[in-house]
Each structure stands twice: as C-alpha cells, then as structure tokens.
Novice: 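Dumping the structure here so I can ask a few things about it.
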Amino acid sequence: MPLHRHSLRIAVLAALSLPMLAHADVWVFEPSAAIDQRFDDNYTIDPDRADKVSATRVVGTLGLSREAPAAKFSGLIRVDGLITQSDEQSGELSSNQVLFLNSEFNSARTVYGIGFNLKRDTPSRDIAADLTDIASVAADTGASVTQDNNVARTRLLITPNWKFNLTRRTTVEAGLDYTQVEHELPSATDVLTAKWLAGPEAMAGAPFPNPITIDDTGFFTIDDELDDYKETALNVAVKTKLTPITTLSFFAGYSDYVAESEPDRNLVNIPFEALIPDGEVKDIRRVPKRETRSNTTKFRIGYDRAFTQTLNVGFQVGIFTTQIDDSDLIRDSDVIPAGSDPGPAQERLDEALSNRVSSTNGYLAAITATKNAGITRYSFKFGVDVLPSDIGSQVESLEAVGALERELGPLLDFSFRIRAYEPDRLDSKGEDDFSRRFLSMEPKLIWRFSRAWTTAASYRYRRQKSQADTGTGVSNALLFSLKYTPPSAIRDAELAK
C-alpha cells in the first residue's frame, strides 16, 4: 500500500480521538504566515562546483493545542512554497508539507500518549533549518546524504509511549517508534544533469547544455539512489531519584531496520534485461532493489544532577550490538560482472558471500548540560548513537551541539548555535561518500516589533569534508524572514497560564 494512503488512514484515526478531549478547557489556535529570503554561495556544499542560490519561501502554519488536568493535545499543519534561482535551478516551485499530532493522558500514576508525524519534503532542503520556526534546528542529523538529492520524500513517524510511577521515586517508561521513509524517483532532467556534472566535460569547464538530453550523456545506469526503509524501535527505561537533585537511569532498546537497496554492480552481475528503464527516458536504467536488514540492541546507564538551581548536567554511557544481514543483497545465485577479471572478481564475490551476516559492537555516550541564568540560557549536547538512514544501513553518528540564547531587550532576542557531527555507516568496508565531517555556526537576531509581527535575520556558515573527497565544501548564507501571527486574547491567556 502506498505510504500516503496508509498515512491518511492513520490521520483519520488520530482525528477520531479528538472527542476524547471534549472535557478540556479550550482549544487554542495559532495560525501564522511568513516569507523567507535566503542567499547562499554554495547551497549544496559542493567542494568542486559551488551552487549559488537565491531562494524565496512562503509559509503557512496552523498550530493547535488543548490542555486539561487529565489530557493534553497539540498539533501543527505547515505548508510552504519555495522558488529557487541558481545555476542548476531556474525558478521551479517546490513545496514541503508537515503534519504532526500529539496526545497525552494521565491518571494518578500513569501517563500515556501517542505521537503522529507526517512530513513530505526533499532531502536537498533538509540541510537547512526553517528560519520561521524560532526553536528549530537543522533536521539533517547526519543520517542522510542530503546535499544533491532533489526528490520528493515522505516520512512517517508513529510514537506510542507509556510511563508508570512505580513508587514516589521510581518510574518505568516504554516507547515504540515506527519510522517509514519512501522516496519518489527524480525527474529525467535532474538525473541527466547530475550525470553530466559528474562527467569529464563539466570537469573541464564546458558550458552546461540547455536543454540537456540523453545525447549529452549517452546511455547509463543510475547508481546510489536513496533507499526506502522501515524501522521499528522499542525502548524501555527505569528512572529512580536517589536524592531530590540526582536521578539514576537504566535504558534498554531494540530496533529492527529494513531497507530496499541496490546491489553493487562492481561485485555482482546484473543482466541488461533485468535493468529497469526510466519512465521518461528509456536509455536511463536502474538496478532492481534488494532487501538488506539489520537489528541493534542498546544498553545504557545514565546519571542526572542539578548542581545549582540554574545548572543541570546529565551523563549516559552504554554499549550497542548490531547484526547486519545481506543475504538478499548478495545471493547464492549471483555471478561476477561480465567483462571483469575472473580471478580477483570471483575472490571478492566469494568473500562477500561468506560475510553476508556480520556483527559489530560499539559504545554509546551522551552528555547534556543546561544553564538558565534568566535573560541568558546555555545548552550543550554531545552524543554517540546508532540511527536509521536512507543509504541502506544503520549509521553510527557522533554529534555535538551548543547553543546560547539571550534576551537583549523586551522585544529583541539573540541566539548563537554551533553544531558538528561525523556519521559513518556501520557496515562500511572502506572510504565512501557518506562518511563525512560537518560543521555549522549560526548567529541570529529576532525582533518582535509588534504583537503580531516578528522578523529575524541570521548568518549561517557550513563546512563539510567527505571521507572520499580531497576538497572541502564551504557555504556562507544570509537569511531573512518576516512572520505574521494574528493577535488572539484567548491564546494569550492560555499561554500565560
């Protein structure tokens, strides 16, 4: 069943749960409209061919919430339209859509709820935070190759959760996270453009052919497109307060990851008749996908302490074990590619066949710190974790994020965020384009110059070095936004509560 139909059914079921909150106080609606402008000298962070971008975005958002003593509900619908002008794009309109619904119910000792998040976007836009969302951070966690993939992507996340107060000091928590990601095929024009830009003519500085056709590239087979995947993760935690200011926690988790991936054509032979022709240009072919699986078990122990009334610090350490199963990706019936050297090629295939099921172990860690000094707030996070991805495997990601927020005046705020991460696929057997080091820094000013109007401006620096590239990509961007939220006395009263 297509993901969007499946998601529609779930959304209807979620909507039917709204009457359960009929006893709550009042619904709070927060509509808003915004316009953003971005100027970026290398939007895709390409180390060899900078892509200068001027982008204008219009955003419409409707937030809603309702809160009562025994129930809470929140949701958001956001739709935007983006027009981008660059060397590779000429005023094409694209759109992202976001829908999320969260509910929480509680009794004397139990809290339970469910979250539903449906997002339709493009990976190429995932590398930038929404400037109109003041609290947003960049969505790219390092678990996706996002720099040059302009295809529609649908992400579904369902998160039922449960918490039980075992005693006054001890709680038991459980959560189930279901993630499903699907990608549409890119247009033939995008595929031809990417193929030409990676070819010798582009490297030699030849002018870009406009319009581009299959005659400019010749017959070819596409490699390394993004993979659809599903992941189901179960997490359990036990937390106990040792003292009023310290908490000791134990965590256990298990995840099952399944992806539809391309077999390596340098390793196994894919007959020409098995290749799938593109729907628009028949001389563009794709390799039929196969299934790859992995499951990960995690154990962690955590310690949190309030060192002062304004400073809270948390530590977590743990281990993980991942089992990778490529039995379908590399099959017993596979043979070496036609035209390859039989001896070495057969040795590589035999080695791959003998290592289709493998295991890897590693360490997990997390350090968090927050300090609220009134008009100034600081936060820091460092973590090593295993995440799902659309490259056909789970990935180990190392990430550090630091943020400063300061109220410069009653209506003027300043923030500064720095972020670094280094992801690597768990089954990596050498250098690949995915493994990389990324750094971003962003100072931002936010001015609420009236009750209904907010404007923001920021500068964003991004730097990226892929393990497989000799060069480093650098991006400098200026971003501006103007946001309108209609005044509401009911909303102001509810938020003040």
Side-chain angles (χ1 to χ4, degrees), residues 1-18 20-21 28-32 59-67 71-80 94-105 111-130 132-144 146 151-163 173-184 226-235 253 255-259 385-390 394 397 399:
M1 179 186 296
L3 178 55
H4 65 277
R5 294 183 183 176
H6 181 67
S7 305
L8 180 60
R9 292 187 177 183
I10 298 175
V12 171
L13 293 175
L16 293 177
S17 67
L18 298 184
M20 300 178 68
L21 298 172
V28 178
F29 294 90
E30 187 172 359
S32 67
V59 189
T61 303
L62 174 62
L64 67 159
S65 61
R66 194 169 186 176
E67 185 172 346
K72 297 179 182 178
F73 179 83
S74 63
L76 180 141
I77 300 174
R78 173 179 293 166
V79 179
D80 73 12
S94 63
S95 176
N96 285 359
Q97 301 93 42
V98 177
L99 166 67
F100 79 76
L101 303 169
N102 286 314
S103 61
E104 180 181 296
F105 309 93
V111 178
Y112 62 94
I114 186 170
F116 172 86
N117 190 313
L118 179 65
K119 184 174 184 180
R120 183 174 173 81
D121 63 358
T122 59
S124 62
R125 291 180 59 188
D126 201 24
I127 56 179
D130 288 341
T132 49
D133 186 352
I134 303 302
S136 69
V137 297
D140 179 11
T141 61
S144 175
T146 62
V151 296
R153 172 179 60 184
T154 303
R155 294 188 289 178
L156 171 67
L157 178 63
I158 303 174
T159 55
N161 55 84
W162 173 82
K163 176 181 177 180
E173 301 177 9
L176 181 68
D177 296 348
Y178 174 77
T179 305
Q180 183 172 339
V181 176
E182 293 183 355
H183 304 86
E184 293 185 2
L226 298 178
D227 300 330
D228 299 342
Y229 71 86
K230 300 176 184 179
E231 185 189 57
T232 304
L234 175 64
N235 297 288
S255 64
D256 181 69
Y257 170 91
V258 182
D385 205 350
V386 176
L387 304 170
S389 79
D390 45 22
Q394 291 178 306
S397 181
E399 182 178 28

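Start at 1 with the first residue, then count along the sequence.
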Novice: Give the intermediate values and the outcome of side chain to side chain donor-acceptor pair (under 3.5 Å) for residues Gln180 and Tyr178.
Specialist: CA-CA 7 Å; Gln180 183 172 339; Tyr178 174 77; 2.6 Å; yes
Novice: Can you name the closest pair of heavy atoms from Asp80 and Ser95 and give their distance?
Specialist: O-OG, 2.5 Å
Novice: Decide yes or no for Leu62 and Pro31: does some side-chain heavy atom of the first lie under 4.5 Å from some side-chain heavy atom of the second?
Specialist: yes
Novice: Closer than 3.5 angstrom, by distance alone: can the side chain of Asn161 be matched with the main-chain N or O of Thr159 as a donor-acceptor pair?
Specialist: yes
Novice: Can you tell me how far the OH atom of Tyr112 sits from the CH2 atom of Trp162, to the nearest 0.5 Å?
Specialist: 12.5 Å
Novice: Do any N or O atoms from the side chain of Asn235 and from the backbone of Gly253 form a donor-acceptor pair under 3.5 angstrom?
Specialist: no
Novice: Looking only at side chains, do Ser32 and Glu30 share a donor and an acceptor under 3.5 Å apart?
Specialist: no
Novice: Closer than 4.0 angstrom, basic N to acidic O: yes or no for Glu104 and Lys163?
Specialist: no
Novice: Testing the basics here: between Leu64 and Leu76, what is the closest heavy-atom pair and its distance to 0.1 Å?
Specialist: CD2-N, 4.1 Å
Novice: Can you give me the closest heavy-atom contact between Asp227 and His183, atom names plus distance?
Specialist: O-CE1, 3.3 Å
Novice: Is the closest side-chain heavy-atom distance between Lys119 and Leu157 below 4.5 Å?
Specialist: no
Novice: Search all heavy atoms of Ser389 against all heavy atoms of Tyr229 and return the closest pair with its distance.
Specialist: O-CD2, 3.1 Å
Novice: Return the set of residues passing side chain to side chain donor-acceptor pair (under 3.5 Å) with Asn117 (not counting sequence neighbours), or none when no residue passes.
Specialist: none
Novice: How would you list, by chain and number, every residue that makes a salt bridge (charged side-chain N to carboxylate O under 4.0 Å, His left out) with Asp228, sequence neighbours excluded?
Specialist: none
Novice: Could you pull out all residues at least two apart from Ser255 that satisfy side chain to side chain donor-acceptor pair (under 3.5 Å)?
Specialist: Gln394
